[in-house]
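Counting starts at 1 for both ligands and their atoms, following the listed order. Predicted model, so just to flag it, every value in this text is computed and none were measured.
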Amino acid sequence: MILVTGGAGFIGSNFVLDWLAEREEPVLNLDALTYAGNLANLEPLSGDARHTFVHGDIGDGALVARLLAEHRPRAVVHFAAESHVDRSITGAAAFLETNVMGTFRLLEAVRAHWNALPQEEKEAFRFVHVSTDEVYGSLAPDAPAFTEQHPYEPNSPYSASKAGSDHLARAWHSTYGLPTITTHCSNNYGPLHFPEKFIPLLIVNALAGKELPIYGDGQQVRDWLYVGDHCSALRRVLEAARPGSVYNIGGCNEKTNLDIVHAVCALLDELRPRADGASYAQQIRHVTDRPGHDRRYAIDASLIERELGWRPAQTFESGLRLTVQWYLEHPQWVQQVQSGVYRQWIDANYGNRGGQA
Ligand code: NAD
Ligand code: TYD
């Protein structure tokens with residue numbers, strides 16, 4: 001079996017669902033169920049004996065040691081993290097605690113387990129550390145996309161904490177030989193995405209008749225990756241990447257935030273037109289920018305294509321259509337995640353931006 005951390009979050013739950021749709025190998029899913037973790041994401045697996053969920057913290061060394069000894073996974077895929085840049089600006093401590101110290105404690109528990117494995121199992125073991133392109137910092141408009149050699153220049157507390165965890169994963173390989181592999185993916189989007197992040201926030205706000213908040217001039221560029229394509233890349237990495245290797249994973253879809261909001265509005269205009277016949281684009285509103293806002297991210301994914309034969313299956317157009325359709329078909333999921341805690345965040349983040357989200 002494999003151990004997945006953070007498997008109740010956006011990418012983790014997509015990964016677990018896709019994994020069990022593709023293969024028989026069981027999954028042990030360790031998640032602390034923070035505000036971002038949602039067991040409803042895993043509902044299709046209820047009663048599936050191949051999925052075992054454990055409510056717990058990656059930083060709980062005794063718990064992780066017990067799980068490793070009991071279940072003897074052949075690999076760890078490490079998603080668990082605090083992941084939202086805006087939250088890292090207003091409260092960095094949780095990011096350092098989980099992303100840096102949590103990853104450190106997890107690496108230590110895994111190292112102790114791995115050290116005691118028989119030689120053959122030791123050689124086959126893998127620890128996939130899921131990181132982000134944001135550790136590379138911000139690109140000038142005409143600069144080449146990030147390669148795996150790009151220097152680390154993190155600008156937000158989130159990206160700085162992820163950079164810290166990447167350095168730990170690297171050092172645990174160099175120093176102790178732990179077979180870690182690090183991946184840097186660009187912005188994911190797709191089903192089960194918590195609506196504090198840009199694309200799902202636009203969809204749920206549009207449908208609720210609320211404003212669509214665009215930070216600053218909206219000319220910031222992100223390289224959007226459909227979550228299912230990220231999951232297929234990680235399966236391939238687990239299968240074929242060498243210990244100590246690093247891969248960038250991107251969708252080859254550089255878009256400005258204004259491109260995104262107009263694409264979302266156009267799809268909603270087609271699939272769920274407003275009662276008054278006007279476009280959802282009327283709800284767009286420019287609000288105060290994010291401090292330290294990175295202007296551009298872009299991924300050069302040629303290494304993973306060349307070495308592992310991975311390429312994204314979705315274009316931005318097909319992936320965004322799937323995503324908008326999924327939100328239209330799952331109003332109960334949206335309603336359930338918009339709890340009191342969610343509303344508090346929306347008030348805190350958008351209350352002072354001169355916009356009303
Ligand atoms: P998410 O915030 O949706 O989910 C994170 C999950 O981790 C949640 O289920 C949460 O309960 C769990 N978690 C948090 N702290 C924990 C702890 N201490 N112990 C155990 N579980 C804990 O995040 P996501 O968007 O699914 O991102 C997953 C990973 O991918 C993260 O490491 C993130 O940095 C990375 N990543 C995400 C994106 C993106 O676009 N979403 C892009 C690049 C990289
Ligand atoms: P986000 O989904 O938070 O991802 P990240 O900051 O990790 O790239 O934001 C994506 C882009 O959208 C980013 O440039 C910030 C911008 N954005 C807005 O313009 N308005 C919003 O309300 C949010 C949440 C993000």
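Summarising the contacts of atom 16 (C) of ligand 1 with S159, G56, A32, the nearest heavy atom is found in A32. Atom 22 (C) of ligand 1 has its nearest heavy-atom neighbour, among G37, G12, G59, A80, in A80. Looking at T98, D133, I199 and measuring to atom 15 (N) of ligand 1, the nearest heavy atom belongs to T98. When V77, T34, T103, V64 are ranked by how near their heavy atoms come to atom 10 (C) of ligand 1, first place goes to T34. Closest heavy-atom approach to atom 24 (P) of ligand 1 among the candidates L192, I11, N187, D31: I11. The residue among A81, A8, S13 with a heavy atom at the shortest distance from atom 5 (C) of ligand 1 is A81. When the heavy atoms of F95, F79, Y35, Y158 are ranked by distance to atom 34 (O) of ligand 1, first place goes to Y158.
Geometrically, R111 engages Y176 in a cation-pi contact, judged by NZ or CZ lying under 6.0 Å from the ring centre and within 45° of the ring axis. Because its NZ or CZ atom is not both nearer than 6.0 Å to the ring centre of W224 and within 45° of the ring axis, K255 does not count as a cation-pi partner of that residue. Taking the ring axis of W345 as reference, the NZ or CZ atom of R343 does not stay both within 45° of it and closer than 6.0 Å to the ring centre. Within the cation-pi definition used here (under 6.0 Å to the ring centroid, within 45° of the axis), R87 does not qualify as a partner of F95.
In this structure, the protein non-hydrogen atom closest to atom 3 (O) of ligand 1 is F10 N, 3.0 Å. Counting protein heavy atoms only, atom 4 (O) of ligand 1 is closest to G9 CA, 3.4 Å. Of the protein's heavy atoms, S83 OG, 2.7 Å lies nearest to atom 2 (O) of ligand 1.
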Tabulation required: pairs of a nitrogen or oxygen in ligand 2 and a protein nitrogen or oxygen under 3.5 Å; columns are atom names and distance to 0.1 Å; otherwise 'none'.
residue  : atom   : partner : partner atom : Å
ligand 2 : 2 (O)  : F198    : N            : 2.9
ligand 2 : 3 (O)  : R290    : NH2          : 3.1
ligand 2 : 4 (O)  : N187    : ND2          : 3.3
ligand 2 : 6 (O)  : R290    : NH1          : 2.5
ligand 2 : 6 (O)  : R290    : NH2          : 3.3
ligand 2 : 7 (O)  : E134    : OE2          : 2.5
ligand 2 : 8 (O)  : N187    : ND2          : 2.8
ligand 2 : 8 (O)  : R222    : NE           : 2.7
ligand 2 : 12 (O) : N257    : ND2          : 3.4
ligand 2 : 14 (O) : R222    : NH2          : 3.2
ligand 2 : 14 (O) : N257    : ND2          : 2.9
ligand 2 : 14 (O) : H293    : NE2          : 2.7
ligand 2 : 19 (O) : Y215    : N            : 2.9
ligand 2 : 20 (N) : P213    : O            : 2.9
ligand 2 : 22 (O) : Y350    : OH           : 2.5

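Screening W326, Y327, F316 for a ring pair (Phe, Tyr, Trp, His ring centres under 6.0 Å) with Y189, the sole residue that qualifies is F316.
The existence of a salt bridge linking R66 and E70 is confirmed by a sub-4.0 Å separation between a basic side-chain nitrogen and an acidic carboxylate oxygen. A salt bridge links R72 with E121: the distance from a Lys NZ or Arg NE/NH1/NH2 to an Asp or Glu carboxylate oxygen falls below 4.0 Å. A salt bridge links E254 with R296; the closest basic N to acidic carboxylate O contact falls under 4.0 Å. Ion pair D217/R295 flagged as a salt bridge, since at least one NZ, NE, NH1 or NH2 atom sits closer than 4.0 Å to an Asp/Glu carboxylate oxygen.
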Using the salt bridge (Lys or Arg N to Asp or Glu O under 4.0 Å) rule, take E134 and R222 through it: C-alpha gap first, then chi angles, then the decisive distance, then the call. CA-CA 10 Å; E134 302 193 24; R222 299 290 183 266; 5.3 Å; no
Stepwise salt bridge (Lys or Arg N to Asp or Glu O under 4.0 Å) test for E239 and R235: CA-CA 6 Å; E239 218 164 55; R235 289 197 299 276; over 6 Å; no
Please evaluate residues D269 and R274 with respect to the criterion salt bridge (Lys or Arg N to Asp or Glu O under 4.0 Å), reporting the C-alpha separation (whole Å), side-chain torsions for both, the decisive distance (0.1 Å), and the verdict. CA-CA 7 Å; D269 288 342; R274 269 176 40 158; over 6 Å; no
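Assignment of A94 to the shell around ligand 1 is not supported, since no heavy atom sits closer than 4.0 Å. Within the structure, ligand 1 lacks G7 among the residues with a heavy atom less than 4.0 angstrom away. Taking 4.0 Å as the cut-off, T5 does not count as a neighbour of ligand 1 on heavy-atom distance.
Each of the atoms 42 (C), 43 (C) of ligand 1 lies under 4.0 Å from some heavy atom of S186. The contact set between ligand 1 and L33, taken as ligand atoms under 4.0 Å from a residue heavy atom, comprises 11 (O). Atoms of ligand 1 found under 4.0 Å from any heavy atom of V130 (numbered from 1 in listed order, with element): 30 (O), 32 (O). Residue-ligand proximity, D57 to ligand 1, at heavy-atom distances under 4.0 Å covers atoms 17 (C), 18 (N), 19 (N). In summary, the atoms of ligand 1 found under 4.0 Å from a heavy atom of S131, numbered by their order in the structure, are 43 (C), 44 (C).
Taking 4.5 Å as the limit, some side-chain heavy atom of L106 sits within range of a side-chain heavy atom of F127. Two residues are said to be in side-chain contact when any heavy atoms from C-beta on lie closer than 4.5 Å; E317 and R321 fail this criterion.
Side chains of Y136 and N248: a donor on one and an acceptor on the other come within 3.5 Å. Remark: the W310 side chain and the S232 side chain contain an N/O donor-acceptor pair separated by less than 3.5 Å.
The same ILVMFWY cluster, assembled from side-chain heavy atoms under 4.5 Å apart, contains both I249 and V4.
Annotation: H193 places no N or O atom under 3.5 Å from an N or O atom of ligand 1; distance criterion only. Residue C185 places no N or O, backbone or side chain, under 3.5 Å from any N or O of ligand 1. Where the criterion is an N or O separation shorter than 3.5 Å, residue side chain and backbone included, H78 fails it with respect to ligand 1. Backbone and side-chain nitrogen or oxygen atoms of T132 are examined, and none is located within less than 3.5 angstrom of a nitrogen or oxygen of ligand 1. Annotation: L30 places no N or O atom under 3.5 Å from an N or O atom of ligand 1; distance criterion only.
Contacts with ligand 1 closer than 4.0 Å are made by side-chain heavy atoms of K162 only, the backbone lying farther away.
In this structure, Y342 has its ring center no closer than 6.0 Å to that of Y35.
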